[in-house]
Amino acid sequence: MKNLNSVFAAYLIGWGVFFVFSLTVAKRAAGLRDELSRLKERLQDSTQKGK
Amino acid sequence: MIKTGVYTFMVCALMGVAAYAAFYVAPTEATMGLVQRIFYLHAPSGMTALSAFLVSFVGSVSYILTRKPRWDWLAVSAAEVGVAFCTVVLLTGPIWAKPAWGQYWAWDARLTSTLVLWLLYVAFLILRTMIEDSDRRALVSAFFGVFTFLDVPLVYGSIWWWRTQHPQPVVFTSAGLDPTMRKVFYLSWLSLTCLMALLIRQRYELEESRNELRTLEQELEAH
C-alpha cells in the first residue's frame, strides 16, 4: 500500500479544483441572476412611471 | 433546468465510475506501483485542458473573422475551463513525480511548456478584466488567444522533440499499455471531456447573462 496517500491526495486535489471552479461559476451566475431580476423590476417601474 | 440537472448527475456518475475503475479495476503497474494510478486523472486532465484551449482558439479565430460576441463568450468560457484542467495537471503531476522521480518538479520541456501555457491563459483572463469596452476587449483578447494557443502544439510535441524526464506517450502508440489500463484511461478521458463540456456550457451561460445585464443597463439609462 506504498504511496496510497499520494494517490488519494492527487484525486482529492483534482476533484477539489473541479468542484471549487464549478462552485465559483454557480455563485457568479446566482449573483448575476439577482442583479438581472433587480434591474428588470427597476425597468418595469420606470416604464410604468413613464406611462 | 431539469435537463442540466440530469446531465450534471450523469457526468458526476461517470466520474465516479472512472475513479472506481482507476482504483479497483486497473491493474497495479509493476515498476511504480500504486502511485501510477494518478495517471488516470493526470493524463486525461492534460488532454482535456488542451481540448478546451483548442475550443478557445476556435472561438478567438471565429470572433476575429465574424465579430459576433458569441464566439468571444465561447473563447473566454473554454479558456477558463482549460485553466481549471491545466491547474489539475500542474498539481497532480508533482504528487506523482515525487515518488516516481524523487523530486516534485523538473525544468524539462514538457513541464516548463505546460507551466508557461497555464501562465499565458491566466494572463489572457487577467487581460480581459483590464479592458472596459466589450468590443475592444473581445478583439484584443481574441488576438491574444490566438497567440497563446501557439504554445499548445509545443506542449503536445515536447516529449517527441526533446529529451524529457516526463514519460514518453503510451496511449496513442503501440507501446505496452495493458489493455485494461487503456480502457480505464479512455473511460477517465470520456468522463473529463463530458465534465469539460458541462463546465464550458455553464460558463457560457454566465456570459449570456452578463450580456443581458449590459443590455438592461443600457435600456435603463435610455429611460
Side-chain angles (χ1 to χ4, degrees), chain A, chain B residues 8 11-12 15-16 19 22-23 28 32-42 44-45 77 80-81 83-100 192 195-196 198-217 219-220 222-223:
Chain A
M1 288 295 160
K2 202 180 159 199
N3 294 322
L4 188 65
N5 286 351
S6 299
V7 181
F8 274 120
Y11 274 83
L12 272 179
I13 290 170
W15 282 30
V17 168
F18 296 136
F19 181 70
V20 167
F21 177 72
S22 174
L23 213 65
T24 58
V25 174
K27 208 174 167 187
R28 281 183 281 172
L32 274 175
R33 269 198 302 272
D34 289 349
E35 184 81 354
L36 270 172
S37 57
R38 196 179 58 80
L39 278 180
K40 274 177 187 166
E41 273 173 30
R42 267 183 63 192
L43 190 69
Q44 223 166 19
D45 286 350
S46 63
T47 316
Q48 278 169 353
K49 275 177 193 168
K51 284 177 185 175
Chain B
T8 307
V11 170
C12 290
M15 283 179 71
F23 277 90
T28 304
M32 283 185 276
L34 272 179
V35 79
Q36 185 270 342
R37 289 177 198 275
I38 295 175
F39 165 76
Y40 304 107
L41 177 66
H42 177 77
S45 292
S77 305
E80 214 176 278
V81 172
V83 167
F85 277 92
C86 203
T87 305
V88 172
V89 175
L90 289 170
L91 291 176
T92 55
I95 298 174
W96 186 7
K98 180 66 180 164
L192 292 182
L195 178 68
M196 175 193 80
L198 176 73
L199 292 175
I200 289 178
R201 192 184 148 178
Q202 282 180 345
R203 186 60 187 74
Y204 183 87
E205 283 170 358
L206 196 70
E207 286 300 315
E208 277 184 326
S209 299
R210 274 187 186 148
N211 182 58
E212 199 182 339
L213 193 73
R214 272 195 296 270
T215 314
L216 269 177
E217 279 170 346
E219 275 182 47
L220 263 171
H223 265 77

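Note: hydrogens, waters and symmetry copies are ignored here, and every other heavy atom, side chains too, is used. Computed from a predicted structure; not experimentally measured. Throughout, a chain's letter reflects where its sequence line sits, starting with A, and its residues are numbered from 1.
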- Task: Check Leu41(B) against Ala10(A) and note the closest heavy-atom contact, atom names and distance.
- Result: CD2-O, 3.5 Å

- Side chain, backbone, both or neither: which part of Leu195(B) has a heavy atom under 4.5 Å from chain A? side chain

- Contact origin within Phe21(A) toward chain B - heavy atom pairs under 4.5 Å: side chain

- Query: Pick from Met32(B), Gln202(B), Arg203(B): which one has the most heavy-atom pairs with chain A under 4.5 Å?
  - Reply: Arg203(B)

- Query: Side chain of Thr87(B), backbone of Val83(B): donor and acceptor closer than 3.5 Å?
  - Reply: yes

- Query: So what's closer than 4.5 Å to chain B heavy atoms on Leu36(A): side chain, backbone, both or neither?
  - Reply: both

- chain A heavy atoms under 4.5 Å from Val81(B): which part of the residue, side chain, backbone, both or neither? both

- Nearest 0.5 Å please: distance from the CZ atom of Phe8(A) over to the CD1 atom of Ile13(A). 13.5 Å

- Query: Looking at Glu41(A) and Arg38(A), does any basic side-chain N land under 4.0 Å from a carboxylate oxygen?
  - Reply: no

- chain A heavy atoms under 4.5 Å from Tyr40(B): which part of the residue, side chain, backbone, both or neither? both

- Pick from Met15(B), Glu205(B), Gln36(B): which one has the most heavy-atom pairs with chain A under 4.5 Å? Met15(B)

- Item | Value rounded to 0.5 Å, distance of OG1 in Thr24(A) from NZ in Lys27(A) | 9.0 Å

- Message: Pairing donors with acceptors under 3.5 angstrom, does anything connect the side chains of Ser77(B) and Arg201(B)?
- Response: no

- Task: Go through Leu213(B), Val35(B), Thr92(B) and name the one with the most non-hydrogen pairs under 4.5 angstrom from chain A.
- Result: Leu213(B)

- So which of Ala29(A), Gly14(A), Ser6(A), Ala26(A) has the biggest tally of heavy-atom pairs under 4.5 Å with chain B? Ser6(A)

- Message: Check Lys40(A) with Glu212(B), please: is the shortest side-chain N to carboxylate O separation under 4.0 Å?
- Response: yes

- Contact class of Ser45(B) relative to chain A, heavy atoms under 4.5 angstrom: side chain

- Could you walk me through whether Leu39(A) and Leu220(B) pass side-chain contact (heavy atoms from CB on, under 4.5 Å), step by step? CA-CA 8 Å; Leu39(A) 278 180; Leu220(B) 263 171; 3.1 Å; yes

- Message: So for Leu91(B), is it side chain, backbone, both, or neither that comes closer than 4.5 Å to the heavy atoms of chain A?
- Response: side chain

